[in-house]
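Every chain is numbered from 1 and lettered A, B, ... according to where its sequence line falls, protein lines coming before strand lines. Model, not experiment: these values are computed from the prediction.
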There are 2 protein chains.
Amino acid sequence: MGKAASSRPIESQAPTMADVALRAGVSAMTVSRALKEGSRVSKATREKIMAAVNELGYVLDQSAGSLSSRKTGFVAAIVPSINNSNFADTARGITDELESTGLQLLLGYTDYTVEKEEKLIEAMLRRRPEGIILTGGAHTERARKLLKSAGIPVVETWELPSKPIDQVVGFSNEEAMGLLVKTLARKGYRKFGYIGGTTSRDTRGSQRREGFVRAIEELGLPTGRLVSFGVPPISIEQGGQAIVSMLERWPDTEAVLCVSDLSAFGALMECKRRGMKVPQDIAIAGFGDYEVAAFCHPGITTVNVDCYGIGRQAARRLIQVIRGAEKKQGQEIVLTGYRVVEREST
Amino acid sequence: MGKAASSRPIESQAPTMADVALRAGVSAMTVSRALKEGSRVSKATREKIMAAVNELGYVLDQSAGSLSSRKTGFVAAIVPSINNSNFADTARGITDELESTGLQLLLGYTDYTVEKEEKLIEAMLRRRPEGIILTGGAHTERARKLLKSAGIPVVETWELPSKPIDQVVGFSNEEAMGLLVKTLARKGYRKFGYIGGTTSRDTRGSQRREGFVRAIEELGLPTGRLVSFGVPPISIEQGGQAIVSMLERWPDTEAVLCVSDLSAFGALMECKRRGMKVPQDIAIAGFGDYEVAAFCHPGITTVNVDCYGIGRQAARRLIQVIRGAEKKQGQEIVLTGYRVVEREST
DNA sequence: CTGTTAGCGCTTTCAG
DNA sequence: CTGAAAGCGCTAACAG
């Protein structure tokens with residue numbers, strides 16, 4: 001349809017800006033201006049151009065534009081898993097904050113491995129993002145180097161890395177888990193158990209576990225009741241299996257804290273299946289305040305984290321640097337809030 | 001650091017291919033070849049180049065490359081929500097299938113509105129993806145037009161649109177819900193109720209509802225027990241509120257089918273909270289086979305959908321067209337499987 | 001307000 | 001196996 005005067009056969013190529021310009025009887029530059037907000041183009045000209053744009057179904061080629069303007073309009077974000085509502089919330093926060101800026105999100109997930117993260121970082125840097133958001137502070141040396149030579153702002157989230165690359169938006173998982181222990185200790189529980197994954201690739205999980213151990217020690221409570229089960233992220237099902245193991249080894253455990261609400265929910269359901277009463281026979285708590293924790297029965301005590309806010313704030317920090325409001329004034333650290341939410345499971 | 005011989009001040013620009021070429025003592029073209037798989041470059045030259053690449057921390061600029069090669073290496077995918085494990089699974093399927101091809105995913109979510117979808121489609125087309133995957137068959141007219149003039153393969157998923165744009169990878173939500181009704185009717189349930197969202201913006205939800213109504217009619221069972229509650233996607237909490245409404249209006253309902261497992265889970269927990277026995281007092285079923293449905297107590301009867309497979313197959317269809325294996329041979333429709341999973345809740 | 005010229009960083013194409 | 005020239009589609013910079 002249309003688009004004649006070409007030596008090529010029928011195949012309809014996507015129209016270019018020159019095609020629009022020709023049709024509107026102006027130069028390509030004027031078309032470029034008309035399609036950009038806040039450029040001075042006369043109303044009549046703009047209307048002619050818009051008509052041509054609509055007739056041709058023209059869509060700006062941003063790759064070409066960004067090569068010229070040296071701004072790609074991309075922001076990269078890397079999360080451990082997309083299939084985890086905590087991180088999905090963070091991704092949503094990033095997108096929402098980006099929406100009004102015209103920046104577009106390049107999202108990737110690492111499956112909780114730094115090797116995949118490194119590959120992803122490299123793949124994304126090939127797209128020349130104007131900033132990048134990472135989860136956690138554990139990265140390969142090569143990834144750190146690539147990030148540094150990229151010369152773009154970096155925000156690490158969800159933790160407080162001991163060796164931050166650039167900016168940080170997060171909280172101490174150790175302290176948050178410690179707070180949960182102390183809150184429950186105050187209610188009278190003494191024999192605490194912990195359920196988490198087996199490897200240390202989930203650094204937030206490791207930090208929570210450390211926070212648990214340290215808090216138990218500080219309070220002078222019985223130590224050692226740690227069950228590691230499954231490769232992180234540990235699932236609902238694995239939470240159920242883990243508590244079986246816990247009950248076999250330490251049947252007199254009074255309260256079980258889990259690395260996340262998903263494992264806590266699995267543990268809770270397994271207990272109910274076995275006819276145990278929660279919290280009378282055993283108390284269970286999780287981490288992350290997933291929707292399931294709030295609405296299951298009994299509701300699960302947990303630590304609420306501002307996942308969405310982490311995303312928004314991380315994106316906001318990036319935008320401020322990208323849009324040049326501030327000239328990257330050193331390593332900013334934004335602490336995000338968390339709070340223990342007590343429910344019927346404890 | 002390094003990178004002298006420039007008139008510009010200290011600020012370290014990202015190195016370009018010319019910088020690498022200079023350092024390695026070859027032409028830019030040879031660097032380009034060395035960085036591309038399966039190109040003939042002598043071992044010695046390649047080593048020199050790789051050394052220079054590493055020293056400079058060089059990363060290929062794919063925007064520039066794709067402008068020249070007319071291949072962006074992008075595939076776009078649009079889902080209703082990223083924070084829904086069914087769609088997250090589909091997104092994961094797409095990414096996994098794409099991984100070996102070097103294609104990169106541009107992911108966006110619509111919040112279940114066709115208006116946001118249209119904007120997203122336009123934003124993504126500006127990046128010149130080589131193919132695009134959509135959820136469902138409801139789109140604005142303008143979105144359809146944009147898609148057509150883009151001249152790229154399109155795959156609609158999760159439904160069987162009556163007016164497909166191009167390819168389809170999905171299943172009939174109507175039939176799937178009908179199958180669930182029939183399965184439960186066979187167990188003796190007669191008075192069926194349905195819980196779903198209020199508007200029709202969730203087209204899959206509407207289709208499931210239609211499938212429910214039609215199956216009930218076909219079986220000659222009591223009709224009309226439909227509760228609409230909340231704007232889709234209806235949450236766990238709203239599922240709980242909806243069943244309260246159901247019980248008030250039709251207290252003798254025997255089995256409640258919900259538009260998704262999330263609302264079913266909410267309904268189930270609300271029943272337990274009220275001391276009702278499931279399935280003795282009331283049976284509950286969901287849709288989607290979310291992890292929570294499998295491991296809650298009692299387990300929730302549901303319809304398992306191959307979410308991950310939808311993603312993989314959709315991506316595979318796209319890749320085949322993109323990589324030119326087949327010249328877009330008309331409207332392909334791939335039917336994906338589903339099956340009723342009976343658990344203790346019915 | 002509009003046009004012209006140049007060039008972004010890479011790859012295609014054609015020579016060697 | 002390597003290089004030189006040309007140009008992808010757009011926008012910065014300058015001119016008018």
Between [X] and [N], is there a side-chain N or O to OP1/OP2 distance below 4.0 Å?
X	N	value
A:R70	C:dG9	yes
B:S32	C:dT11	yes
B:T30	D:dG3	yes
B:S63	C:dC8	no

Sugar-phosphate only, base, or nothing, as touched by B:T45 at under 4.0 Å among non-hydrogen atoms: sugar-phosphate
A:S149 (side chain) donor-acceptor with A:K145 (main chain) under 3.5 angstrom: yes
Starting at the 5' end of DNA chain D, which residue's closest nucleotide do you reach first, B:S27 or B:S68? B:S27
Between the side chains of A:Q313 and A:R316, does any donor sit under 3.5 Å from an acceptor? no
Are A:S81 and A:N83 linked by a side-chain donor-acceptor pair shorter than 3.5 Å? no
Rounded to whole angstrom units, what separation is found between the [atom1] atom of [X] and the [atom2] atom of [N]?
X	N	atom1	atom2	value
B:L67	C:dT12	CG	P	12 Å
B:R127	D:dC10	CZ	C1'	13 Å
A:L35	D:dT11	CG	C1'	12 Å
A:K71	D:dG9	NZ	C1'	19 Å

Is NZ or CZ of B:R127 both nearer than 6.0 Å to the six-membered ring centre of A:F74 and within 45° of the ring axis? yes
If you pin B:R33 and B:Y58 to their nearest nucleotides in DNA chain C, which one's is more 5'? B:Y58
Please state whether the base of C:dG9 and the side chain of A:R128 form at least one donor-acceptor pair under 3.5 Å? no
Proximity to the side chain of [X] - top-ranked nucleotide from [options]:
X	options	value
A:M29	C:dC8, C:dT4, D:dG3	C:dT4
A:S42	C:dT2, D:dG9, D:dG3	C:dT2
A:K36	C:dG9, D:dT11, D:dG9	D:dT11

Could you state the interatomic distance from CD1 (B:I310) to CG (B:D89), rounded to the nearest 0.5 Å? 10.0 Å
